[in-house]
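Data block below; observations after.
Per chain, numbering begins at 1; letters A, B, ... match sequence-line order.
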There are 2 protein chains.
Amino acid sequence: MSADAYPGTQAVQRAVTVLKAFTDAQPELGLSALARVVGLNKATTYRLLTALEREGLIARTGTREQYRLGPELIALGVRAMRSSDVRAVSRPELETLARATGETATLEVLADGDVLILDEVMGSHLVSATHWVGTRWHAYATSTGKAMLAFLPNAQLRDALPTRLALSGRGTRTRADFYKELEKIRAQGFATNVEELETGFAAVGAPIFNHDAQVIAAISIGGPRTRFTDKVIKQLAPRVKQAAARISQQLGFRP
Amino acid sequence: MSADAYPGTQAVQRAVTVLKAFTDAQPELGLSALARVVGLNKATTYRLLTALEREGLIARTGTREQYRLGPELIALGVRAMRSSDVRAVSRPELETLARATGETATLEVLADGDVLILDEVMGSHLVSATHWVGTRWHAYATSTGKAMLAFLPNAQLRDALPTRLALSGRGTRTRADFYKELEKIRAQGFATNVEELETGFAAVGAPIFNHDAQVIAAISIGGPRTRFTDKVIKQLAPRVKQAAARISQQLGFRP
DNA sequence: ACACTGCGGTTCACATTATGAACCAACGTT
DNA sequence: AACGTTGGTTCATAATGTGAACCGCAGTGT
(Lines give C-alpha, C1' and ligand atoms only; values in the text may rest on other atoms or scores of the structure.)
Protein backbone atom coordinates (compact mmCIF):
# COMPACT_ATOMS: atom_id res chain seq x y z
CA MET A 1 0.00 0.00 0.00
CA SER A 2 2.27 2.73 1.28
CA ALA A 3 4.12 4.00 -1.77
CA ASP A 4 7.36 2.12 -1.23
CA ALA A 5 8.94 4.78 -3.37
CA TYR A 6 12.65 4.51 -3.75
CA PRO A 7 14.70 1.35 -3.73
CA GLY A 8 17.48 0.94 -1.24
CA THR A 9 17.24 0.63 2.45
CA GLN A 10 13.77 -0.49 3.33
CA ALA A 11 14.49 -1.67 6.83
CA VAL A 12 15.83 1.73 7.78
CA GLN A 13 12.79 3.50 6.42
CA ARG A 14 10.57 1.16 8.38
CA ALA A 15 12.59 1.67 11.51
CA VAL A 16 12.17 5.40 11.23
CA THR A 17 8.46 4.93 10.64
CA VAL A 18 8.35 3.03 13.88
CA LEU A 19 10.09 5.86 15.69
CA LYS A 20 7.72 8.41 14.24
CA ALA A 21 4.75 6.39 15.40
CA PHE A 22 5.39 7.58 18.93
CA THR A 23 3.59 10.88 19.30
CA ASP A 24 2.94 13.15 22.22
CA ALA A 25 -0.58 11.76 22.26
CA GLN A 26 0.67 8.18 22.23
CA PRO A 27 4.07 8.24 23.89
CA GLU A 28 3.90 4.58 24.86
CA LEU A 29 2.80 1.74 22.65
CA GLY A 30 2.59 -2.01 22.90
CA LEU A 31 4.00 -4.30 20.25
CA SER A 32 0.71 -5.23 18.63
CA ALA A 33 -0.66 -1.71 18.68
CA LEU A 34 2.54 -0.42 17.16
CA ALA A 35 2.53 -3.04 14.42
CA ARG A 36 -1.03 -2.01 13.61
CA VAL A 37 -0.19 1.68 13.52
CA VAL A 38 2.78 1.36 11.21
CA GLY A 39 1.16 -1.38 9.15
CA LEU A 40 3.93 -3.91 9.54
CA ASN A 41 4.06 -7.50 10.54
CA LYS A 42 4.35 -8.06 14.26
CA ALA A 43 7.56 -10.02 13.88
CA THR A 44 9.11 -7.32 11.73
CA THR A 45 8.06 -4.64 14.14
CA TYR A 46 9.50 -6.65 16.99
CA ARG A 47 12.84 -7.04 15.27
CA LEU A 48 13.02 -3.36 14.47
CA LEU A 49 12.11 -2.46 18.03
CA THR A 50 14.73 -4.68 19.60
CA ALA A 51 17.35 -3.41 17.18
CA LEU A 52 16.43 0.15 18.07
CA GLU A 53 16.36 -0.74 21.73
CA ARG A 54 19.86 -2.14 21.54
CA GLU A 55 20.96 1.20 20.19
CA GLY A 56 19.04 3.11 22.83
CA LEU A 57 16.64 4.85 20.47
CA ILE A 58 13.81 2.88 21.99
CA ALA A 59 13.26 2.17 25.65
CA ARG A 60 10.73 0.07 27.49
CA THR A 61 8.47 0.80 30.35
CA GLY A 62 9.16 -0.64 33.75
CA THR A 63 7.06 -3.69 33.17
CA ARG A 64 8.75 -4.13 29.79
CA GLU A 65 5.35 -4.41 28.17
CA GLN A 66 5.28 -1.06 26.43
CA TYR A 67 7.78 0.70 24.24
CA ARG A 68 8.68 4.36 24.11
CA LEU A 69 11.31 6.63 22.60
CA GLY A 70 14.69 6.07 24.18
CA PRO A 71 17.32 8.25 25.79
CA GLU A 72 19.72 8.08 22.89
CA LEU A 73 17.19 10.02 20.84
CA ILE A 74 17.38 12.84 23.32
CA ALA A 75 21.13 12.93 22.91
CA LEU A 76 20.86 12.83 19.13
CA GLY A 77 18.17 15.49 19.19
CA VAL A 78 20.32 17.79 21.23
CA ARG A 79 23.20 17.26 18.84
CA ALA A 80 20.94 17.87 15.85
CA MET A 81 19.73 21.04 17.47
CA ARG A 82 23.26 22.26 18.05
CA SER A 83 24.40 21.48 14.54
CA SER A 84 21.37 22.93 12.79
CA ASP A 85 22.73 25.60 10.55
CA VAL A 86 19.84 27.95 11.15
CA ARG A 87 21.16 28.13 14.62
CA ALA A 88 24.71 28.82 13.59
CA VAL A 89 23.69 31.46 11.09
CA SER A 90 21.23 33.09 13.46
CA ARG A 91 23.55 33.32 16.44
CA PRO A 92 25.33 36.55 15.45
CA GLU A 93 22.06 38.19 14.42
CA LEU A 94 20.49 37.29 17.76
CA GLU A 95 23.50 38.73 19.53
CA THR A 96 23.47 42.05 17.73
CA LEU A 97 19.71 42.23 18.20
CA ALA A 98 20.01 41.58 21.91
CA ARG A 99 22.91 43.99 22.33
CA ALA A 100 21.26 46.77 20.36
CA THR A 101 17.93 46.57 22.16
CA GLY A 102 18.93 45.24 25.55
CA GLU A 103 16.12 42.73 25.33
CA THR A 104 16.06 38.97 24.94
CA ALA A 105 16.30 37.53 21.42
CA THR A 106 15.23 33.99 20.57
CA LEU A 107 15.36 31.59 17.65
CA GLU A 108 12.47 29.16 17.40
CA VAL A 109 11.15 26.41 15.17
CA LEU A 110 7.85 24.62 14.82
CA ALA A 111 7.62 21.14 16.26
CA ASP A 112 4.30 19.36 16.20
CA GLY A 113 2.24 22.50 16.37
CA ASP A 114 4.27 23.91 19.20
CA VAL A 115 7.03 26.41 19.11
CA LEU A 116 10.37 25.08 20.24
CA ILE A 117 13.11 27.41 21.43
CA LEU A 118 16.34 26.60 19.60
CA ASP A 119 18.53 29.37 20.85
CA GLU A 120 18.36 32.43 22.98
CA VAL A 121 20.50 35.46 23.78
CA MET A 122 19.64 37.32 26.92
CA GLY A 123 19.34 41.07 26.94
CA SER A 124 20.87 43.29 29.56
CA HIS A 125 17.65 43.71 31.48
CA LEU A 126 16.58 40.28 32.60
CA VAL A 127 18.31 38.14 35.15
CA SER A 128 17.23 34.61 34.28
CA ALA A 129 19.77 32.38 32.58
CA THR A 130 19.42 30.69 29.20
CA HIS A 131 17.50 27.74 30.43
CA TRP A 132 14.57 28.47 28.19
CA VAL A 133 16.18 26.56 25.39
CA GLY A 134 14.26 23.38 24.73
CA THR A 135 10.97 24.55 26.18
CA ARG A 136 7.81 24.77 24.14
CA TRP A 137 4.83 27.03 23.77
CA HIS A 138 1.64 27.01 21.80
CA ALA A 139 2.54 28.30 18.38
CA TYR A 140 -0.63 30.33 17.93
CA ALA A 141 0.06 32.46 20.98
CA THR A 142 3.63 33.49 20.29
CA SER A 143 5.08 36.06 17.92
CA THR A 144 7.42 33.55 16.35
CA GLY A 145 4.75 30.90 16.14
CA LYS A 146 2.36 33.21 14.34
CA ALA A 147 5.12 34.47 12.07
CA MET A 148 5.73 30.89 10.96
CA LEU A 149 2.11 29.84 10.79
CA ALA A 150 1.33 32.81 8.56
CA PHE A 151 3.70 31.56 5.89
CA LEU A 152 2.87 27.89 6.15
CA PRO A 153 1.13 26.07 3.27
CA ASN A 154 -2.54 25.55 4.07
CA ALA A 155 -2.26 21.81 4.48
CA GLN A 156 0.47 22.11 7.07
CA LEU A 157 -1.27 24.98 8.78
CA ARG A 158 -4.31 22.86 9.40
CA ASP A 159 -2.23 20.16 11.03
CA ALA A 160 -0.35 22.62 13.17
CA LEU A 161 -3.40 24.30 14.63
CA PRO A 162 -5.38 22.82 17.50
CA THR A 163 -9.15 22.93 17.43
CA ARG A 164 -9.37 25.55 20.11
CA LEU A 165 -7.28 28.67 20.24
CA ALA A 166 -7.07 29.51 23.90
CA LEU A 167 -5.56 32.76 25.04
CA SER A 168 -4.15 33.80 28.35
CA GLY A 169 -6.66 35.87 30.28
CA ARG A 170 -9.08 36.49 27.45
CA GLY A 171 -11.33 33.77 26.18
CA THR A 172 -11.08 31.75 23.01
CA ARG A 173 -10.42 33.30 19.65
CA THR A 174 -12.38 32.32 16.59
CA ARG A 175 -10.62 30.67 13.70
CA ALA A 176 -11.79 33.35 11.30
CA ASP A 177 -10.26 36.11 13.39
CA PHE A 178 -7.05 34.20 13.60
CA TYR A 179 -6.83 33.69 9.87
CA LYS A 180 -7.41 37.41 9.41
CA GLU A 181 -4.50 38.12 11.73
CA LEU A 182 -2.28 35.72 9.81
CA GLU A 183 -3.12 37.60 6.64
CA LYS A 184 -2.03 40.86 8.22
CA ILE A 185 1.20 39.21 9.39
CA ARG A 186 1.85 37.99 5.87
CA ALA A 187 1.39 41.52 4.57
CA GLN A 188 3.64 43.26 7.07
CA GLY A 189 6.24 40.52 7.37
CA PHE A 190 6.29 40.28 11.14
CA ALA A 191 4.07 39.19 14.01
CA THR A 192 3.48 40.54 17.48
CA ASN A 193 2.46 38.98 20.73
CA VAL A 194 1.14 41.32 23.34
CA GLU A 195 0.33 39.51 26.55
CA GLU A 196 -1.23 36.56 24.73
CA LEU A 197 1.12 34.00 26.15
CA GLU A 198 1.56 35.50 29.54
CA THR A 199 0.38 38.72 31.05
CA GLY A 200 3.10 41.34 31.11
CA PHE A 201 5.08 39.79 28.28
CA ALA A 202 5.25 41.09 24.71
CA ALA A 203 7.33 40.21 21.69
CA VAL A 204 7.91 40.82 17.99
CA GLY A 205 8.81 37.98 15.67
CA ALA A 206 9.73 37.52 12.03
CA PRO A 207 9.96 34.41 9.87
CA ILE A 208 13.06 32.80 8.39
CA PHE A 209 12.94 31.06 5.02
CA ASN A 210 15.23 28.44 3.57
CA HIS A 211 16.60 28.11 0.06
CA ASP A 212 13.33 26.52 -0.97
CA ALA A 213 11.27 29.51 0.22
CA GLN A 214 9.78 27.49 3.07
CA VAL A 215 9.43 28.88 6.60
CA ILE A 216 11.75 26.92 8.80
CA ALA A 217 12.19 29.15 11.83
CA ALA A 218 11.56 32.55 13.30
CA ILE A 219 13.37 34.99 15.52
CA SER A 220 11.95 37.37 18.07
CA ILE A 221 12.69 40.04 20.59
CA GLY A 222 10.66 39.92 23.74
CA GLY A 223 10.37 41.63 27.09
CA PRO A 224 8.05 43.14 29.65
CA ARG A 225 5.06 45.10 28.43
CA THR A 226 6.22 48.02 30.52
CA ARG A 227 9.11 48.53 28.12
CA PHE A 228 7.38 47.07 25.06
CA THR A 229 4.87 49.80 24.45
CA ASP A 230 3.03 49.91 21.14
CA LYS A 231 5.41 52.60 20.00
CA VAL A 232 8.50 50.59 20.89
CA ILE A 233 7.10 47.54 19.19
CA LYS A 234 6.61 49.55 16.03
CA GLN A 235 10.24 50.62 16.18
CA LEU A 236 11.57 47.15 16.85
CA ALA A 237 9.52 45.34 14.20
CA PRO A 238 11.60 46.40 11.19
CA ARG A 239 14.84 45.54 12.96
CA VAL A 240 13.64 42.02 13.67
CA LYS A 241 12.30 41.69 10.17
CA GLN A 242 15.60 42.77 8.66
CA ALA A 243 17.63 40.47 10.86
CA ALA A 244 15.38 37.57 9.84
CA ALA A 245 15.76 38.52 6.20
CA ARG A 246 19.53 38.51 6.51
CA ILE A 247 19.44 35.05 8.03
CA SER A 248 17.13 33.79 5.27
CA GLN A 249 19.49 35.20 2.71
CA GLN A 250 22.42 33.36 4.27
CA LEU A 251 20.42 30.15 4.07
CA GLY A 252 20.05 30.59 0.35
CA PHE A 253 16.66 32.28 0.24
CA ARG A 254 16.16 34.56 -2.75
CA PRO A 255 12.92 36.54 -2.55
CA MET B 1 35.16 -6.18 12.71
CA SER B 2 32.60 -4.67 15.07
CA ALA B 3 31.02 -7.56 16.94
CA ASP B 4 27.84 -7.85 14.93
CA ALA B 5 26.31 -9.45 17.96
CA TYR B 6 22.69 -10.36 17.55
CA PRO B 7 21.06 -11.45 14.37
CA GLY B 8 18.16 -9.52 12.98
CA THR B 9 18.12 -6.03 11.67
CA GLN B 10 21.64 -5.17 10.64
CA ALA B 11 20.77 -2.28 8.36
CA VAL B 12 19.01 -0.51 11.19
CA GLN B 13 21.93 -0.96 13.49
CA ARG B 14 24.25 0.44 10.86
CA ALA B 15 21.94 3.35 10.20
CA VAL B 16 22.00 4.25 13.87
CA THR B 17 25.76 3.93 13.88
CA VAL B 18 25.82 6.45 11.07
CA LEU B 19 23.66 8.83 13.09
CA LYS B 20 25.85 8.45 16.12
CA ALA B 21 28.92 9.25 14.07
CA PHE B 22 27.89 12.89 14.08
CA THR B 23 29.33 14.36 17.25
CA ASP B 24 29.51 17.85 18.60
CA ALA B 25 33.13 17.88 17.53
CA GLN B 26 32.27 16.68 14.02
CA PRO B 27 28.76 17.93 13.28
CA GLU B 28 29.23 17.78 9.54
CA LEU B 29 30.77 14.96 7.58
CA GLY B 30 31.34 14.11 3.96
CA LEU B 31 30.40 10.75 2.49
CA SER B 32 33.88 9.30 2.33
CA ALA B 33 34.88 10.53 5.75
CA LEU B 34 31.70 9.14 7.20
CA ALA B 35 32.20 5.76 5.57
CA ARG B 36 35.67 5.69 7.04
CA VAL B 37 34.47 6.61 10.52
CA VAL B 38 31.74 4.00 10.71
CA GLY B 39 33.79 1.41 8.87
CA LEU B 40 31.25 0.71 6.17
CA ASN B 41 31.42 0.55 2.45
CA LYS B 42 30.89 3.88 0.76
CA ALA B 43 27.95 2.58 -1.23
CA THR B 44 26.30 1.20 1.88
CA THR B 45 26.89 4.42 3.76
CA TYR B 46 25.44 6.37 0.88
CA ARG B 47 22.30 4.28 0.78
CA LEU B 48 21.80 4.61 4.51
CA LEU B 49 22.33 8.35 4.33
CA THR B 50 19.83 8.90 1.56
CA ALA B 51 17.29 6.73 3.31
CA LEU B 52 17.77 8.75 6.48
CA GLU B 53 17.67 11.97 4.53
CA ARG B 54 14.37 10.99 2.96
CA GLU B 55 13.00 10.61 6.48
CA GLY B 56 14.48 13.90 7.63
CA LEU B 57 16.88 12.42 10.17
CA ILE B 58 19.78 13.56 8.05
CA ALA B 59 20.12 16.88 6.30
CA ARG B 60 22.69 18.28 3.96
CA THR B 61 24.63 21.46 3.98
CA GLY B 62 23.78 24.22 1.55
CA THR B 63 26.21 22.96 -1.04
CA ARG B 64 24.85 19.42 -0.60
CA GLU B 65 28.38 18.17 -0.13
CA GLN B 66 28.29 17.48 3.57
CA TYR B 67 25.83 15.64 5.74
CA ARG B 68 24.59 16.47 9.18
CA LEU B 69 21.83 15.49 11.60
CA GLY B 70 18.41 16.52 10.37
CA PRO B 71 15.47 18.45 11.81
CA GLU B 72 13.29 15.42 12.29
CA LEU B 73 15.78 14.23 14.86
CA ILE B 74 15.12 17.37 16.87
CA ALA B 75 11.40 16.64 16.84
CA LEU B 76 11.99 13.03 17.87
CA GLY B 77 14.39 14.12 20.56
CA VAL B 78 11.88 16.53 22.03
CA ARG B 79 9.23 13.84 22.00
CA ALA B 80 11.60 11.42 23.67
CA MET B 81 12.34 14.03 26.28
CA ARG B 82 8.69 14.59 26.99
CA SER B 83 7.78 10.94 27.21
CA SER B 84 10.54 10.20 29.63
CA ASP B 85 9.65 12.38 32.52
CA VAL B 86 11.44 11.79 35.76
CA ARG B 87 8.52 10.35 37.58
CA ALA B 88 7.59 7.73 35.01
CA VAL B 89 11.18 6.67 34.53
CA SER B 90 11.92 6.57 38.23
CA ARG B 91 8.89 4.50 39.19
CA PRO B 92 10.31 1.07 38.36
CA GLU B 93 13.63 1.90 39.96
CA LEU B 94 11.89 2.99 43.14
CA GLU B 95 9.92 -0.21 43.13
CA THR B 96 12.87 -2.51 42.75
CA LEU B 97 14.75 -0.50 45.33
CA ALA B 98 11.88 -0.76 47.79
CA ARG B 99 11.34 -4.43 47.10
CA ALA B 100 15.01 -5.34 47.37
CA THR B 101 15.58 -3.48 50.61
CA GLY B 102 12.20 -3.57 52.23
CA GLU B 103 12.51 0.12 52.98
CA THR B 104 10.73 3.16 51.62
CA ALA B 105 12.04 4.72 48.42
CA THR B 106 11.22 8.27 47.36
CA LEU B 107 11.67 10.56 44.38
CA GLU B 108 12.10 14.23 45.17
CA VAL B 109 12.77 17.53 43.45
CA LEU B 110 13.86 20.96 44.61
CA ALA B 111 11.19 23.62 44.86
CA ASP B 112 12.09 27.01 46.24
CA GLY B 113 14.82 25.70 48.49
CA ASP B 114 12.62 22.96 49.80
CA VAL B 115 12.54 19.36 48.85
CA LEU B 116 9.26 18.20 47.38
CA ILE B 117 8.27 14.55 47.37
CA LEU B 118 7.20 13.56 43.87
CA ASP B 119 6.71 9.86 44.32
CA GLU B 120 7.14 7.19 46.91
CA VAL B 121 7.10 3.41 47.14
CA MET B 122 6.61 1.95 50.57
CA GLY B 123 8.80 -0.82 51.85
CA SER B 124 7.53 -3.86 53.64
CA HIS B 125 8.46 -2.63 57.08
CA LEU B 126 6.65 0.60 57.65
CA VAL B 127 2.98 1.03 58.21
CA SER B 128 2.40 4.59 57.10
CA ALA B 129 0.63 4.98 53.79
CA THR B 130 1.87 6.89 50.78
CA HIS B 131 0.46 10.21 51.86
CA TRP B 132 3.89 11.71 51.98
CA VAL B 133 3.69 12.63 48.36
CA GLY B 134 3.40 16.38 48.02
CA THR B 135 4.88 17.24 51.38
CA ARG B 136 7.99 19.36 51.70
CA TRP B 137 11.09 19.43 53.83
CA HIS B 138 14.07 21.68 54.19
CA ALA B 139 16.46 20.70 51.45
CA TYR B 140 19.59 21.09 53.55
CA ALA B 141 18.45 18.53 56.08
CA THR B 142 17.46 15.66 53.78
CA SER B 143 19.58 13.14 51.91
CA THR B 144 17.90 13.96 48.59
CA GLY B 145 18.07 17.69 49.20
CA LYS B 146 21.76 17.60 49.94
CA ALA B 147 22.39 15.30 46.99
CA MET B 148 20.81 17.91 44.72
CA LEU B 149 22.35 20.95 46.39
CA ALA B 150 25.79 19.42 46.05
CA PHE B 151 25.50 19.39 42.27
CA LEU B 152 23.81 22.75 41.83
CA PRO B 153 25.62 25.64 40.14
CA ASN B 154 26.82 28.14 42.73
CA ALA B 155 24.38 30.85 41.75
CA GLN B 156 21.40 28.56 42.20
CA LEU B 157 22.82 27.09 45.37
CA ARG B 158 22.93 30.50 47.01
CA ASP B 159 19.28 31.08 46.18
CA ALA B 160 18.27 27.68 47.45
CA LEU B 161 19.91 27.99 50.84
CA PRO B 162 18.33 29.88 53.72
CA THR B 163 20.47 32.10 55.90
CA ARG B 164 20.31 29.78 58.86
CA LEU B 165 20.83 26.05 58.68
CA ALA B 166 18.84 24.68 61.54
CA LEU B 167 19.12 21.07 62.56
CA SER B 168 16.74 18.93 64.49
CA GLY B 169 17.87 18.61 68.09
CA ARG B 170 21.36 19.98 67.65
CA GLY B 171 22.01 23.64 67.12
CA THR B 172 22.82 25.52 63.94
CA ARG B 173 25.44 24.42 61.48
CA THR B 174 27.94 26.82 59.99
CA ARG B 175 27.90 27.49 56.28
CA ALA B 176 31.52 26.46 55.94
CA ASP B 177 30.83 23.07 57.47
CA PHE B 178 27.91 22.58 55.17
CA TYR B 179 29.90 23.44 52.04
CA LYS B 180 32.51 20.94 53.17
CA GLU B 181 29.84 18.28 53.42
CA LEU B 182 28.55 19.12 49.95
CA GLU B 183 32.05 18.65 48.60
CA LYS B 184 32.20 15.19 50.12
CA ILE B 185 28.81 14.36 48.63
CA ARG B 186 30.01 15.49 45.22
CA ALA B 187 33.00 13.19 45.53
CA GLN B 188 31.13 10.09 46.62
CA GLY B 189 28.02 10.62 44.53
CA PHE B 190 25.48 10.20 47.29
CA ALA B 191 24.30 11.93 50.45
CA THR B 192 23.18 10.66 53.80
CA ASN B 193 20.84 11.98 56.40
CA VAL B 194 21.16 10.55 59.87
CA GLU B 195 18.58 11.94 62.23
CA GLU B 196 18.99 15.45 60.90
CA LEU B 197 15.43 15.85 59.83
CA GLU B 198 13.80 13.88 62.56
CA THR B 199 15.24 11.82 65.37
CA GLY B 200 15.13 8.14 64.62
CA PHE B 201 15.04 8.60 60.84
CA ALA B 202 17.92 8.03 58.43
CA ALA B 203 18.21 7.95 54.63
CA VAL B 204 20.58 7.69 51.67
CA GLY B 205 19.98 9.78 48.56
CA ALA B 206 21.56 10.16 45.14
CA PRO B 207 21.12 12.82 42.45
CA ILE B 208 19.46 12.47 39.06
CA PHE B 209 20.73 14.43 36.06
CA ASN B 210 18.98 15.35 32.84
CA HIS B 211 20.28 15.30 29.29
CA ASP B 212 21.88 18.66 29.91
CA ALA B 213 23.84 17.38 32.92
CA GLN B 214 21.77 19.42 35.33
CA VAL B 215 20.47 17.99 38.62
CA ILE B 216 16.74 17.79 38.39
CA ALA B 217 15.79 15.32 41.09
CA ALA B 218 17.04 12.78 43.57
CA ILE B 219 15.96 9.43 44.93
CA SER B 220 16.43 7.99 48.37
CA ILE B 221 15.89 5.04 50.63
CA GLY B 222 14.95 5.87 54.16
CA GLY B 223 13.94 4.15 57.37
CA PRO B 224 14.36 3.99 61.13
CA ARG B 225 17.83 4.44 62.51
CA THR B 226 17.46 1.10 64.29
CA ARG B 227 17.68 -0.65 60.94
CA PHE B 228 19.77 2.02 59.20
CA THR B 229 23.02 1.48 61.01
CA ASP B 230 26.17 3.03 59.58
CA LYS B 231 27.05 -0.34 58.13
CA VAL B 232 23.70 -0.75 56.42
CA ILE B 233 23.86 2.77 55.03
CA LYS B 234 27.25 1.97 53.51
CA GLN B 235 25.75 -1.07 51.83
CA LEU B 236 22.72 0.77 50.52
CA ALA B 237 24.53 3.81 49.16
CA PRO B 238 25.89 2.20 45.99
CA ARG B 239 22.49 0.69 45.20
CA VAL B 240 20.80 4.05 45.40
CA LYS B 241 23.58 5.67 43.45
CA GLN B 242 23.33 3.10 40.69
CA ALA B 243 19.56 3.34 40.49
CA ALA B 244 19.85 7.11 40.19
CA ALA B 245 22.47 6.70 37.48
CA ARG B 246 20.17 4.40 35.52
CA ILE B 247 17.39 6.95 35.72
CA SER B 248 19.72 9.71 34.58
CA GLN B 249 20.77 7.60 31.67
CA GLN B 250 17.18 7.09 30.64
CA LEU B 251 16.74 10.84 30.69
CA GLY B 252 19.52 11.24 28.19
CA PHE B 253 22.36 11.97 30.57
CA ARG B 254 25.78 11.02 29.25
CA PRO B 255 28.49 11.26 31.92
C1' DA C 1 -14.11 -24.80 34.21
C1' DC C 2 -14.54 -23.32 29.75
C1' DA C 3 -13.48 -21.44 25.16
C1' DC C 4 -12.11 -17.13 23.46
C1' DT C 5 -9.37 -13.24 22.47
C1' DG C 6 -5.93 -10.45 23.20
C1' DC C 7 -1.09 -9.82 24.44
C1' DG C 8 4.46 -10.08 23.84
C1' DG C 9 7.55 -13.06 21.87
C1' DT C 10 9.51 -16.84 18.71
C1' DT C 11 10.33 -19.89 14.81
C1' DC C 12 11.92 -20.99 10.08
C1' DA C 13 11.63 -21.73 5.01
C1' DC C 14 11.82 -18.48 1.59
C1' DA C 15 13.20 -14.55 -1.63
C1' DT C 16 13.37 -9.99 -1.29
C1' DT C 17 16.55 -7.01 0.11
C1' DA C 18 20.92 -5.12 1.16
C1' DT C 19 25.64 -5.62 -0.01
C1' DG C 20 30.43 -4.03 -1.74
C1' DA C 21 34.10 -4.29 -5.50
C1' DA C 22 34.53 -1.83 -9.14
C1' DC C 23 33.14 1.92 -11.62
C1' DC C 24 32.09 7.18 -13.15
C1' DA C 25 32.69 12.13 -13.63
C1' DA C 26 34.39 16.17 -11.56
C1' DC C 27 37.51 18.90 -8.99
C1' DG C 28 42.32 20.42 -7.05
C1' DT C 29 47.21 19.48 -6.57
C1' DT C 30 51.32 18.50 -8.08
C1' DA D 1 48.65 15.08 -17.57
C1' DA D 2 48.85 11.84 -14.09
C1' DC D 3 47.33 11.55 -9.38
C1' DG D 4 44.32 11.56 -5.38
C1' DT D 5 40.56 13.26 -3.84
C1' DT D 6 35.60 13.92 -3.68
C1' DG D 7 30.18 12.45 -4.17
C1' DG D 8 27.60 9.20 -6.57
C1' DT D 9 26.29 4.77 -9.36
C1' DT D 10 26.17 0.01 -11.10
C1' DC D 11 25.05 -4.97 -10.72
C1' DA D 12 25.86 -9.91 -9.78
C1' DT D 13 25.68 -12.18 -5.46
C1' DA D 14 23.96 -14.04 -1.13
C1' DA D 15 23.19 -12.54 3.00
C1' DT D 16 19.77 -10.36 5.07
C1' DG D 17 15.22 -9.35 6.47
C1' DT D 18 10.65 -11.15 6.00
C1' DG D 19 5.91 -12.75 7.68
C1' DA D 20 2.51 -16.76 8.32
C1' DA D 21 2.01 -19.48 11.81
C1' DC D 22 3.25 -20.64 16.17
C1' DC D 23 3.75 -20.52 21.66
C1' DG D 24 2.48 -19.54 26.47
C1' DC D 25 0.18 -16.45 29.21
C1' DA D 26 -3.28 -13.44 31.22
C1' DG D 27 -7.62 -11.64 31.29
C1' DT D 28 -12.84 -12.11 30.35
C1' DG D 29 -17.18 -13.31 29.48
C1' DT D 30 -20.06 -17.67 29.74
query = Quick one: what's the B/S/- string for nucleotides 4-11 of chain D, heavy-atom cutoff under 4.0 Å, read 5' to 3'?
reply = --SBBBB-
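The pair Asp24(B)-Arg79(A) does not count as a salt bridge, with every side-chain nitrogen at least 4.0 angstrom from each carboxylate oxygen. Here Arg254(B) pairs with Glu72(A) in a salt bridge; the nearest charged N to carboxylate O distance falls below 4.0 Å.
Atom CD of Glu28(A) and atom P of dG8(C) are 13 Å apart (whole Å). Counting to the nearest Å, the C1' atom of dT16(C) and the CD atom of Gln10(B) are 15 Å from each other. Straight-line distance from the CZ atom of Arg14(B) to the P atom of dT17(C): 18 Å, rounded to whole Å.
A 4.5 Å side-chain heavy-atom check between Val121(A) and Arg91(A) finds at least one atom pair inside the cut-off.
With hydrogens and angles ignored, the 3.5 Å screen pairs a side-chain donor or acceptor of Thr142(A) with a backbone N or O of Ala139(A).
Rounded to a whole angstrom, the distance from the P atom of dC25(D) to that of dA21(D) is 23 Å.
Side chains of Arg68(A) and Gln250(B): a donor-acceptor N/O pair is present below 3.5 angstrom, by distance only. Between the side chains of Ser220(A) and Thr106(A), at least one donor N or O sits under 3.5 Å from an acceptor N or O.
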